[in-house]
Every structure is written in structure tokens, then in C-alpha cells.
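Worksheet: the structure to be examined is printed underneath.
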Amino acid sequence: MYDVKGNLHQVLDSLPQGVRLVAISKYHPNEYIEAAYAEGQRLFGESHEQELRLKHETLPKDISWHFIGHLQTNKVKYIAPYVTMVEAVDSLKLLKEIDRQAQKCGRVIDVLLELHIAEEETKYGLTPDALRQLLADGEWRTMEHVRICGLMMMASYVDDVEQIRSEFRQAYDLYREVKARYFADASYFCERSWGMSHDYLIAVEEGSTMVRIGTTIFGPRVY
Ligand SMILES: *Cc1c(COP(=O)(O)O)cnc(C)c1O
């Protein structure tokens, strides 16, 4: 089996204090997750609703699950009863549906707004202006069952470290702007989820509070 234990500790040792690891376990079997769990890891991320449901049902209940992928509104109801955080909210429609389903479950669900800064067209997320508009619109203030805890983003998948760094900086600038304008008094608005296997060391230098790392811990995914 892949050396999950060794890799996990290597990653954890490389993170500054205050940066949390979301171990991205998508496409990896339960035994890999159990190996990380045995080392004390309790926070995992998945990007497909059915896979997450199966894992939630069969793995220890004190695991916190973050939904990190693109979430269709018709899937929200399946994860609303147990998911800890939805990291990639990229529309008002999705935010409203999470609020609606969380209310049905009598829960408040933490979410991050996903920012699109990368140059790749394929990435999801709100452009800076779309993010500003969503917040300016104000409807989110009426939603009592979602709590907006910060921003999430994926940098371009490139080798150019300066480009990656510049995208993380743009994300942090936007985080500061939004924090000051809408969440200055909200201590829970404090999360900056950026950094994956290939760029997390840059991400933590650029103010990430939450890195999402899969491959470095669990090895290559078999799709
Ligand atoms: C799969 C995925 C990750 C983890 O990527 P690795 O390169 O395996 O570390 C992080 N964030 C999101 C949104 C993902 O879909």
C-alpha cells in the first residue's frame, strides 16, 4: 500500500501553525482514509456526492467532510445532513439551495465562496466582479442556515511559480476587500482555502489557512 502515513506526516510537518490540512481522498479507497485517520487526521475532502455518501456511511462518524467539487443544486439535499463545509459555492442559486436544505435538516452549513482567478477557462468559480455582485446584492444576508466563512480558489495549473503566486495574491487582496466591507465583525469569516499538491507551499506563503492536498498524501488517483 502507498505510504499514506509517511506522506501525511511529511505534509503536516511542512505546514505552518494555523494552516489546516484537508486530505483530499476522492477516488481513493477507505483503507487509505483509515490509514490517515489512524494518524489523527479527521478532515477529509471529496468532490462527488455518491462517493462521499458511501464513505460517510462506512467510515468513522467523527470525520469532518468538506465537499470540494462543483456541486449541482439537485445534489445538495443528499449531503446537507452531514457535510461540514461546502467549499466551492459559485452561484447565488447554489447558496440558496444549501440554505434551504440546511434549514430542512435544522443545521447551519459553513461555506466558502469559490473565486475564479486562474486563466484556464475550464475552472468554475466566481470572477472578482461576480463575487462583488453576489455580496452587494445582499440576499445572502437573509440566509440563516449558511455561514460564509471565507474564500476558496484554485490557481492555474502551470509551472510558472510567479503566476501562481500572483493568483494567490489576487485572491488574498479580494479576501481583504470582502472581509473589510461585509465581514469585519464576523470572526468566522477567516478562511482562505488555497493550495493543492503542486502549489501548497506557495499557497501557505501567500496566506492560505486551509490546503487541499490529495496526490502528495494518497498517490495518483485511478479514475
Ligand atoms: C482534487 C482536488 C484537490 C487535490 O488535488 P491534488 O493535486 O491531488 O492535491 C484540491 N482541490 C480541489 C478542488 C480538487 O478537486
Side-chain angles (χ1 to χ4, degrees), residues 1-15 19-29 32-33 35-36 41 43-55 63-72 75-76 79 83-91 94 98 110-127 131 149-161 163-165 167-168 171 175 191-223:
M1 184 167 125
Y2 211 75
D3 182 17
V4 171
K5 177 178 170 179
N7 297 332
L8 175 73
H9 285 295
Q10 212 164 4
V11 167
L12 288 172
D13 289 347
S14 70
L15 295 179
V19 177
R20 285 196 291 159
L21 169 66
V22 186
I24 304 302
S25 48
K26 63 189 184 195
Y27 294 99
H28 292 295
Y32 281 38
I33 300 172
Q41 181 68 24
L43 179 53
F44 293 86
E46 290 279 336
S47 59
H48 294 94
E49 178 275 317
Q50 282 193 335
E51 182 179 356
L52 174 53
R53 194 186 333 172
L54 261 175
K55 286 175 173 171
I63 288 179
S64 288
W65 294 105
H66 283 198
F67 196 90
I68 59 157
H70 180 67
L71 181 58
Q72 292 169 284
K75 301 283 173 65
V76 173
I79 64 170
V83 75
T84 300
M85 179 179 268
V86 179
E87 288 211 19
V89 174
D90 60 358
S91 70
L94 178 58
I98 297 168
D110 286 347
V111 303
L112 303 178
L113 299 176
E114 181 181 5
L115 193 56
H116 175 107
I117 285 177
E119 280 166 11
E120 286 116 303
E121 299 266 322
T122 55
K123 296 262 160 77
Y124 291 103
L126 298 152
T127 63
L131 173 75
C149 296
L151 302 183
M152 177 267 203
M153 65 86 80
M154 271 193 270
S156 294
Y157 194 83
V158 293
D159 292 328
D160 182 350
V161 170
Q163 184 182 341
I164 295 170
R165 195 180 290 287
E167 292 178 3
F168 288 145
Y175 168 88
E191 299 293 357
R192 298 174 295 273
S193 175
W194 43 84
M196 303 163 56
S197 286
H198 67 284
D199 60 14
Y200 78 92
L201 290 172
I202 309 168
V204 296
E205 284 173 7
E206 300 303 334
S208 170
T209 61
M210 206 186 262
V211 291
R212 307 178 309 269
I213 301 179
T215 309
T216 300
I217 298 168
F218 300 112
R221 289 178 284 274
V222 182
Y223 295 104

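Both ligands and their constituent atoms are indexed starting at 1 by order of listing. For the single chain, residues carry numbers from 1 onward in sequence order.
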One pair to check against side chain to side chain contact (heavy atoms under 4.5 Å, CB included): Tyr2 and Ile217. What are the steps and the verdict? CA-CA 9 Å; Tyr2 211 75; Ile217 298 168; over 6 Å; no
Return the orientation label for the Trp65 and Phe44 ring planes: parallel under 30°, perpendicular over 60°, tilted otherwise. tilted
Above 12 or not: heavy atoms from other molecules or residues under 6.0 Å from CG of Asp159? no
Point-to-point distance, once rounded to the nearest 0.5 Å, from CD1 of Ile98 to CG of Leu71: 6.0 Å
May I have the N/O to N/O pairs between ligand 1 and the protein that fall below 3.5 Å, each with atom names and distance to one decimal?
residue	atom	partner	partner atom	Å
ligand 1	8 (O)	Thr215	N	2.8
ligand 1	8 (O)	Thr215	OG1	2.5
ligand 1	8 (O)	Arg221	NH1	2.7
ligand 1	8 (O)	Arg221	NH2	3.3
ligand 1	9 (O)	Ser197	N	3.0
ligand 1	9 (O)	Ser197	OG	2.6
ligand 1	9 (O)	Gly214	N	2.8
ligand 1	11 (N)	Arg212	NE	2.9
ligand 1	15 (O)	Lys26	NZ	2.6

Output all residues satisfying side-chain contact (heavy atoms from CB on, under 4.5 Å) with Arg20, sequence neighbours left out; order by chain, then residue number. Leu43, Glu191, Met210
Looking at Glu205, I'd like to know if its CD atom is crowded, meaning that more than 12 non-hydrogen atoms belonging to other residues, nucleotides or ligands lie closer than 6.0 Å. yes
